[in-house]
Amino acid sequence: MDNDLLVEIKDLRLNFRTFDGISKVLNRVNLKIWRGDILGLVGETGCGKTMTALSIARLIPCPPGEIVGGEVFFEGEDVLRKTDEEMRLLRAQKLAMIFQDPTTSLNPVFTIGDQMIDIIGSRTDTSKASRLSMLGVLSNLVPAIRALRREARERALEMLERVGIGDASERIDDYPHQFSGGMRQRVLIATALSGTPSLLIADEPTTALDVSIQAQILRLIEELVEELNLSVLLITHNLGVVARTCQRVAVMYAGVVVESGSAIDVFKNPKHPYTVGLMRAIPTFDTKRGEIKGIPGSVPNLLNPPPGCRFHPRCEHAMPRCAEEPPPAPREIRPAHEVSCFLYS
Ligand SMILES: Nc1ncnc2c1ncn2[C@@H]1O[C@H](COP(=O)(O)OP(=O)(O)OP(=O)(O)O)[C@@H](O)[C@H]1O
Ligand code: SF4
Ligand SMILES: [Mg+2]
């Protein structure tokens with residue numbers, strides 16, 4: 001495997017068992033994240049962006065989920081074959097994750113400092129983590145534990161200062177409700193990046209924030225990515241965020257990655273009919289009222305997805321074979337620009 005390839009998802013298929021039947025949520029997902037990449041993952045709600053990201057950390061709830069095919073490589077090793085303890089260490093040491101709503105990612109009954117110290121402790125081995133999580137119970141009695149907690153607290157303070165929390169030495173003992181939404185997201189970024197991760201998974205990190213705070217958080221992520229030499233999987237609905245932040249973009253539709261490539265290529269020269277439709281739907285300053293062209297139809301029900309290409313009922317280029325057989329695996333139509341569609345097979 002190419003050493004510059006950090007993550008490779010190959011033909012991943014995921015089903016969910018529901019009371020109404022089997023929902024075929026991911027259907028041969030293929031995705032590559034290179035070292036140093038900021039890859040934007042876009043697509044309509046429910047198309048499988050979060051499930052794709054969670055598969056890298058093997059955090060898909062199984063059951064009701066079931067991975068029915070494919071492989072997920074992280075640094076060349078298939079995470080689907082690792083033991084639970086190997087996965088715990090991989091998540092703790094190599095992966096950092098931040099989510100849309102910073103409120104629900106923080107426990108309201110513990111101070112920011114205690115939560116950060118616990119997480120920083122868990123990045124080492126299990127025994128050290130459990131010693132750290134005994135919190136105040138033993139820490140006053142055993143000097144070694146006190147020293148471990150002091151070390152973790154210093155790292156937490158350093159990171160809080162780095163992400164722009166003023167008076168960090170006082171704020172570290174505050175509770176989450178004493179922080180604004182933007183500050184909570186900064187705290188989560190500080191926590192996520194307090195180890196030495198190789199990959200940051202940011203699942204709609206700015207959707208819950210107002211536009212000016214959004215811009216600050218994105219700038220902070222960009223700076224940290226550069227400083228810490230990280231790769232990033234940035235999930236968003238906002239194509240403007242992708243254009244501004246990402247070098248590469250992957251477009252998903254109904255559980256399939258239909259197109260991927262450099263953000264400039266895909267934005268300026270989209271090839272898959274779904275991507276073309278997405279781009280057409282972006283309003284510009286010149287767009288007149290009533291002129292925005294959405295994609296006709298609606299996303300399919302994954303309990304009973306259309307046969308063949310899942311986009312065919314909405315595609316203006318659909319041919320008879322599109323309803324009969326799945327489109328070919330992604331094909332490179334220009335260097336590093338891949339499309340999965342019969343038009344390019
Ligand atoms: N526990 C579950 N049981 C059944 N179906 C699920 C479960 N979790 C997710 N799904 C389904 O998996 C599909 C993909 O979900 P996912 O959260 O990955 O979408 P998404 O692209 O991240 O959407 P959004 O943009 O709204 O966050 C959806 O159709 C969703 O309904
Ligand atoms: S495979 Fe066929 S239906 Fe699907 S996007 Fe391409 S042309 Fe349209
Ligand atoms: Mg999601």
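Counting convention: from 1, in listed order, for ligands and their atoms alike. The residues of the chain are indexed from 1 along the displayed sequence.
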Asker: To the nearest 0.5 Å, what is the distance between CD on Glu77 and CD on Glu86?
Answerer: 7.5 Å
Asker: Looking at atom 3 (N) of ligand 1, what's its closest protein heavy atom, distance included?
Answerer: Phe16 CD2, 3.5 Å
Asker: Salt bridge or not between Arg149 and Asp114? Use side-chain N to carboxylate O under 4.0 Å.
Answerer: yes
Asker: If we count only non-hydrogen protein atoms and require a distance under 4.0 Å, does atom 31 (O) of ligand 1 qualify as touching the protein?
Answerer: no
Asker: Of the protein's non-hydrogen atoms, which lies at the shortest distance from atom 25 (O) of ligand 1, and what is that distance?
Answerer: Lys49 NZ, 2.7 Å
Asker: From atom 23 (O) of ligand 1, work out which of Gly65, Cys62, Ala254, Gly46 has a heavy atom at the shortest distance.
Answerer: Gly46
Asker: Check atom 8 (Fe) of ligand 2 and write out every protein N, O or S atom at under 2.8 Å, as residue and atom.
Answerer: Cys315 SG
Asker: Only heavy atoms of Val25, strictly under 4.0 Å: list the atoms of ligand 1 that pass.
Answerer: 11 (C), 12 (O), 13 (C), 14 (C)
Asker: List ligand 1 atoms under 4.0 Å from Glu204, heavy atoms only on the residue side.
Answerer: 25 (O), 27 (O)
Asker: Under 3.5 Å, side chain of Gln115 to main-chain N/O of Asn107, donor-acceptor pair present?
Answerer: yes
Asker: Give the cluster check for Leu228 versus Leu234: same hydrophobic cluster or not, with ILVMFWY residues linked at side-chain heavy-atom distances below 4.5 Å.
Answerer: yes
Asker: By number and element, which atoms of ligand 1 are closer than 4.0 Å to a non-hydrogen atom of His237?
Answerer: 25 (O)
Asker: Of all heavy-atom pairs between Thr191 and Ser194, which one has the smallest distance, and what is that distance?
Answerer: O-OG, 2.7 Å
Asker: Count the heavy atoms belonging to other residues, nucleotides or ligands that lie under 6.0 Å from CZ of Arg17, then report whether that count exceeds 12.
Answerer: no
Asker: Can you sort out which atoms of ligand 1 are near Thr45, meaning under 4.0 Å from one of its heavy atoms?
Answerer: 23 (O), 24 (P), 25 (O), 26 (O)
Asker: Below 4.0 Å from any atom of ligand 1, is there a heavy atom belonging to Gly48?
Answerer: yes
Asker: Could you tell me whether Arg314 sits above the aromatic face of Tyr274, with NZ or CZ closer than 6.0 angstrom to the six-membered ring centre and within 45 degrees of the axis?
Answerer: no
Asker: Could you list the atoms of ligand 1 found under 4.0 angstrom from a heavy atom of Leu302?
Answerer: 29 (O)
Asker: Regarding ligand 1, does Cys47 bring an N or O atom to under 3.5 Å of one of the ligand's N or O atoms?
Answerer: yes
Asker: Would you verify whether the NZ or CZ of Arg171 falls within 45 degrees of the ring axis of Phe179 while also being under 6.0 Å from that six-membered ring's centre?
Answerer: yes
Asker: How close does the nearest protein non-hydrogen atom get to atom 15 (O) of ligand 1, and which residue and atom is it?
Answerer: Met51 CG, 4.0 Å
Asker: What protein heavy atom sits nearest atom 22 (O) of ligand 1, and how far off is it?
Answerer: Thr50 OG1, 2.8 Å
Asker: Could you tell me whether Glu158 and Arg155 make a salt bridge, using a distance below 4.0 angstrom between a side-chain N and a carboxylate O?
Answerer: yes
Asker: Distance check, rounded to the nearest 0.5 Å: Met97 atom CE versus Ile201 atom CD1?
Answerer: 4.0 Å
Asker: Does ligand 1 have a heavy atom under 4.0 Å from the side chain of Thr52, from its backbone, from both, or from neither?
Answerer: neither
Asker: Under a 3.5 Å distance rule, please check whether Arg186 uses its side chain to pair with a backbone N or O of Val163 as donor and acceptor.
Answerer: yes
Asker: With a 4.0 Å cut-off on heavy atoms, is Ser23 touching ligand 1?
Answerer: no
Asker: Looking at Lys94, I want to see if its NZ is surrounded by more than 12 non-hydrogen atoms of other residues, nucleotides or ligands under 6.0 Å.
Answerer: no
Asker: Applying salt bridge (Lys or Arg N to Asp or Glu O under 4.0 Å) to Arg35 and Asp4, what does each step give before you reach the verdict?
Answerer: CA-CA 5 Å; Arg35 287 184 198 273; Asp4 285 338; 5.2 Å; no
Asker: Quick check: does Met51 put an N/O/S atom under 2.8 Å from the Mg ion (ligand 3)?
Answerer: no
Asker: May I ask you to check whether over 12 heavy atoms, not counting those of Ile264, lie within 6.0 Å of atom CD1?
Answerer: no
